[in-house]
Amino acid sequence: MQTVFTSIGIVGTGAMGRGIAQIAAQAGSTVYLYDTHGGAADAARTHIHQQWQRLVDKGRLDESLLPALVQRLVPVTSLHDFAACELVVEAIVERLDAKQELLKQLEAIVSPEAVLASNTSSLSITAVAAPLQRPQRMAGFHFFNPVPLMKVVEVVAGLRTDPHVCTRLAGYARAMGHTPVMAQDTPGFIVNHAGRGYGTEALRIVSEGVADFATVDRILRDQVGFKLGPFELLDLTALDVSHPVMESIYRQYYDEPRFRPSVITAQRLSGGLLGRKSGEGFYRYVDGAPELPAEPPVPEVSGLPPVWVSTRAARRAELYQLLKDLGATIETGTSPSAQALTLVAPLGFDVTTVAVVERLDPARTIGIDMLIDDAATRRRVLATNPATREDMRDAAHALFARDGKPVSVIRDSGGFVTQRVVASIVNIAADICQQRICSPKDLETAVTLGLGYPLGPLAMGDRWGPTNILEVLFNMQTVYGDPRYRPSPWLRRRGAIGLSLTHEEP
């Protein structure tokens, strides 16, 4: 089966359309460029030429290839110039009516064997194809921006798409140097669907007053290894792009609580605080660089109280060893003395709940997040409860900062920050597999390439333990009473029998 389309059309010459055109020409296709805005197709050709010239200047492209590449880009002034194209990809405005009308026009122009594709990121492929006489020849072909660098593409089958169309598009993606992942037609497909947990849970944390934007970003970068914190990422993608996607996926899933958007982004979008491109978002930008608040200083304390560790603490043995390494005086009695700093390390529960259940003095009780092995993180996170004394908070901060590792102190929260966000990511990913939207393998590939996570979401669950993730979710559901945190059946079953989340079912 032919894997390279010799001639393709691109409708829409914004960043996505230009990116697709660039890699298609590099794969050997003649690319016809069309845009309703006069001169836009010619400008796109010039822009792509300049991109190739930069690659030549950097030694990443053979200069002798440049004339042939540029010749493969053909600006056109009418959709009728696509008559001989084997594939036409629309990359226009994200509006269902506009896409449907365009594809109806194209169907009357191209041959019956030509493939039609949409680069939509959130609209239903089935709905886009519904007005066509032959919807079986239409599929989603969703690239990510910047297309030449983001090496994943979602190939999405609508309800009536011919499987051979998806197979051919997947082969073409490989010829372009990209990795295709196969997805069923559901809101957000794979990447935008799987990415809901990262930003929406971080927004919920801030909305509860647990921590500010910069602190949440620092925690998730330093504890989990994300390249960008959620608010840095939202500033990069811009709220006029990301907030409508949040709302679209939430509404398309009939207000599924796991995808609930936040009033924070709605308000900031209304106020024009879009992110980097507007000069201000969650951070203010000067010459493209964010102005970041300074880390709170480590408190100066005259002396440290003895430390008692809850018998129910997660990673209790490791926590004891850490306290020894930091030079703490450790109490080992069945209950803390009247002077002791009391440490709890819950999974999913808040510090207040643990103090009440274990009959601890809340004034002296501090929580520490031990979901992830301390040796594997670059930051420690402590949580107070509403009654925690200031001297105990400062003593705990000073103690855990003794070896120079940064410490963030947050307000009480079921699941701290890392537990909440990681559990949400893993849970949504598990439910994607439960719904058979894609295979576990394609899910991991799509998320690591499309979102740049340090691990695929299922691998995250395996690394920190499906049973631990389940405990976090169950306990958070108890704390908040929100079905947002109900565990996916996929996760519950695999956690119950000790099966890897990446296991492919026969």
[X] atom [atom1], neighbour heavy-atom count above 12 within 6.0 Å:
X      : atom1 : result
Glu295 : CD    : yes
Arg160 : CZ    : no
Arg492 : CZ    : no
Glu291 : CD    : yes
Arg402 : CZ    : yes
Lys227 : NZ    : no

Side chains of [X] and [Y] in contact at under 4.5 Å (non-hydrogen atoms):
X      : Y      : result
Val263 : Ser207 : no
Asp482 : Arg204 : yes
Phe143 : Met150 : no
His178 : Phe144 : no
His142 : Thr120 : no
Val421 : Tyr198 : yes
Arg364 : Gln339 : no
Tyr285 : Ser278 : no

For the student: nearest non-hydrogen atoms of [X] and [Y], plus distance:
X      : Y      : value
Pro457 : Ile425 : CB-CG2, 3.6 Å
Gly461 : Leu501 : CA-CD1, 3.8 Å
Ser488 : Asp431 : OG-OD1, 2.8 Å
Lys151 : Gly177 : CD-O, 3.6 Å
Ala139 : Val165 : CB-CG1, 4.0 Å
Ser242 : Leu234 : OG-CD2, 3.6 Å

[Y] backbone acceptor or donor facing [X] side chain under 3.5 Å:
X      : Y      : answer
Asp350 : Val479 : no
Glu208 : Ser413 : no
Glu94  : Ser122 : yes
Asn427 : Leu473 : no
Arg268 : Gly281 : yes
Arg276 : Gly288 : yes
Asn475 : Glu471 : yes
Glu201 : Ala423 : no
Gln419 : Phe416 : no
Asp394 : Pro299 : no

Under a 3.5 Å threshold, yes or no: a donor from one side chain and an acceptor from the other, between [X] and [Y]?
X      : Y      : value
Ser310 : Glu358 : yes
Arg218 : Ser408 : no
Asn385 : Thr388 : yes
Thr418 : Gln223 : yes
Arg196 : Tyr253 : no
Thr200 : Arg484 : yes
Arg168 : Tyr172 : no
Tyr453 : Glu444 : no

For this session: Step by step, work out the side-chain contact (heavy atoms from CB on, under 4.5 Å) result for Met138 and Ser118.
Result: CA-CA 8 Å; Met138 194 257 164; Ser118 173; 3.4 Å; yes

Exercise. Going through the checks in order, is the side-chain contact (heavy atoms from CB on, under 4.5 Å) test met by Asp212 and Phe231?
Worked result: CA-CA 10 Å; Asp212 58 24; Phe231 300 106; over 6 Å; no

Gap between atom [atom2] of [Y] and atom [atom1] of [X] - 0.5 Å precision:
X      : Y      : atom1 : atom2 : result
Leu371 : Thr377 : CG    : OG1   : 10.5 Å
Tyr320 : Asp325 : OH    : CG    : 14.5 Å
Thr237 : Leu274 : OG1   : CG    : 10.5 Å
Ile330 : Leu323 : CD1   : CG    : 5.0 Å
Leu458 : Trp490 : CG    : CH2   : 7.5 Å
Leu149 : Ile23  : CG    : CD1   : 10.5 Å

Salt bridge [X]-[Y], side-chain N to carboxylate O under 4.0 Å:
X      : Y      : value
Asp374 : Arg315 : no
Glu504 : Lys441 : no
Glu256 : Arg486 : yes

Exercise. Do you know which of Asp369, Asp403, Asp373, Asp222 makes salt bridge (Lys or Arg N to Asp or Glu O under 4.0 Å) with Arg380?
Worked result: Asp403

For this session: Determine, step by step, whether Thr186 and Gln435 satisfy the side chain to side chain donor-acceptor pair (under 3.5 Å) criterion, reporting the C-alpha distance in whole Å, the side-chain angles of both residues, the deciding distance to 0.1 Å, and the verdict.
Result: CA-CA 10 Å; Thr186 51; Gln435 296 176 51; 5.7 Å; no

Exercise. Between Leu360 and Trp308, does a side-chain contact (heavy atoms from CB on, under 4.5 Å) hold up when you go through it step by step?
Worked result: CA-CA 11 Å; Leu360 304 172; Trp308 182 87; 3.7 Å; yes

For this session: Take Val153 and Met176 through the side-chain contact (heavy atoms from CB on, under 4.5 Å) test and state the conclusion after the steps.
Result: CA-CA 10 Å; Val153 55; Met176 291 170 161; over 6 Å; no

